Amino acid sequence: MTVDLLIRDAYIYVDRDHEIADGWLAIKDRRVHSVGAEVATAPPARTILSARGQLVTPGLINAHHHMYQNLTRAYAPVTNGTLFEWLTGLYPLWADLDAESVYLSTCVAMVELLMGGCTTSMDHMYVHPKPFLIDAQFRAARDIGFRFYATRGSMTRSVKDGGLPPASVVQDEDTILADSERLVAAFHDASPGAMGRVALAPCSLFSVSERIMTESARLAEKHDLRLHTHLAEDPDEDRYCADVYGCTPTEYFERVGWATPRSWVAHYIYPSSDEIDRLAHAGVCTAQCPCSNMMIGGGAADAMGMRRRGMRVGLGCDGSASTDHGSMWLETRMALLLGRFRNGPHSMSARDALDMATRGGAACLGWEDEIGHLRPGACADLVIWKMSDIARAGALSDPVEAWLRCAPAVAGTTIVNGAILVEDGVPVMSNLAEILRDHAREARRIQRL
Ligand SMILES: [Zn+2]
C-alpha cells in the first residue's frame, strides 16, 4: 500500500513520550499513517521528502490570539501604556473594523502563524462593530487551508456602563446569543479531522453582563461547545470584581457556571493557590501568553507550577497589538525562558515548553485525540523546522533543546491536513503580495494615517 508522503532521515518528536532519531513519518489520507526508525520498514510513497538532520514536530497550537490586532501593531501612541490604557487607546480604532479588514488581517495572521510552525489556531474575536466578521475569518481559513478554531467573543459593557470600549463595538445580549447560535450552526464541525470549529468566548468578566456568562455556559452545554475568556489577567480586574460582584474573578467564574472541563482561560496570572487547585480539579485549562505578559510588564502565571497542580497549560501569541508578532516558536522559547527565569535551571526544559505548545494547546481546545502529537491516526499537521547552519553549528547532542535554545527557528515545511502550506520557508499562498498590499491599505485607514 502506497502512502501520500514520506518524510525520512529526520529527528521525529512524536510526542513527549516518543522520539525517533533518524526516523521516518508517513502521511496518508490527511492523517499520520505510521512512524518508524528503519527506513527499510517505511511504506512506499508517492512523494518522498528527505529532512536530513532536521527536527520534525507536531504543528504548534495557538491557544489564545486576536488576529485583527495586526492592523494596529506597535501603534505608537499606546506602546507604553498599561493594559487598560492600551485597550482604551485602541478601541476607537478597532471600531472601524469591517469584513474586508478582518478577512485580510486573518489571512496575514494565519500565514504568519504557519511560518512560525503553528498549524491550528484559535482566534478570540470580541470586537463586533459590524456583523459577520467571524464569517470573514472562516473564508480566510478556507482560502489558506488552515485549521481554525474560531471563538465568538463578545462585549456588552461600554463606557456608559463602566466598561472600557466605546458603544459602537459592544452588542446587546440578544444579538450576541443569536449570533452565537448562528455561527455554531454555520461553522462548528464536531466531526473528526474538522478544519473549523466554534467556541463561545465572552471577552472578560468585566466586559460582559452576568447573563452573557451564564447563557454562554448554557449554550455550550446544549451544543457541546468549548468556552473561553480572559481570566485574572490584571490587578485592575480584581478591584473591578470586588466592587461589582463582591468576590474574586475566580469566585465569579465559578458562580456563573464556568468551572467545567469545557473551559479554557487566557493568562490566569493572579489567582490564589487554592483557586488554581479548584479550577485544575474542575478540568479548566489555561493558555499562557509569555510575550504578551512580559510586554505589558505585569505578572505572568507560573506555568510549570500550574502543571504540577494538575492544570493543563497551553501557549498563545495573544495580540498582535500587545505582542506584535505571531510566532508560536517564539512564544515557546519565551515560555522556557520565563519559566527558568522564575524557578531556576532545573525547573523547565525545552521539552516541557514544546509539550505546552502541542499537547497543552490541544487540551485547551479539547482536541487531544487528533492534534498536538504525531502518533498514527493524528491529523497530518506537522513542521519540519529550519535553522541556519551557523545557528546549528556545535549543537550536536540534543535536537529538541537546540531547536529552542540556539537560534531563531522557522518552519521550513509546514503541513496542515496533509497539505504543504509552507515550503522551504516560503508560504505557498499565491496571492500573498496582493493580501499584504490590501492589508497595508486597511491598516492605514484604521490607524487614520
Ligand atoms: Zn487576549
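Please read all numbers here as calculations on a predicted model, not as lab measurements. Only this structure's heavy atoms are used, side chains among them; waters, hydrogens and symmetry mates stay out. One-based numbering, in listed order, for ligands and for the atoms of each.
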Has the side chain of R197 got a donor or acceptor atom that lies under 3.5 Å from a matching backbone atom of Y149?
no
Restricting to N, O or S atoms, which atom of H64 is closest to the Zn ion (ligand 1)?
NE2
Please determine if the Zn ion (ligand 1) has an N/O/S atom from H230 lying under 2.8 Å away.
yes
Heavy atoms only: give me the nearest A232-E237 pair and the separation to one decimal.
N-OE2, 2.9 Å
Strictly under 2.8 Å, is any N, O or S atom of H66 next to the Zn ion (ligand 1)?
yes
Side chain proximity check, R152 to I176, heavy atoms < 4.5 angstrom:
yes
Would you say the side chain of V256 lies within less than 4.5 Å of the side chain of E210, judging by non-hydrogen atoms?
yes
Checking distances from the Zn ion (ligand 1), one finds that the N, O or S atom of D318 closest to it is OD1
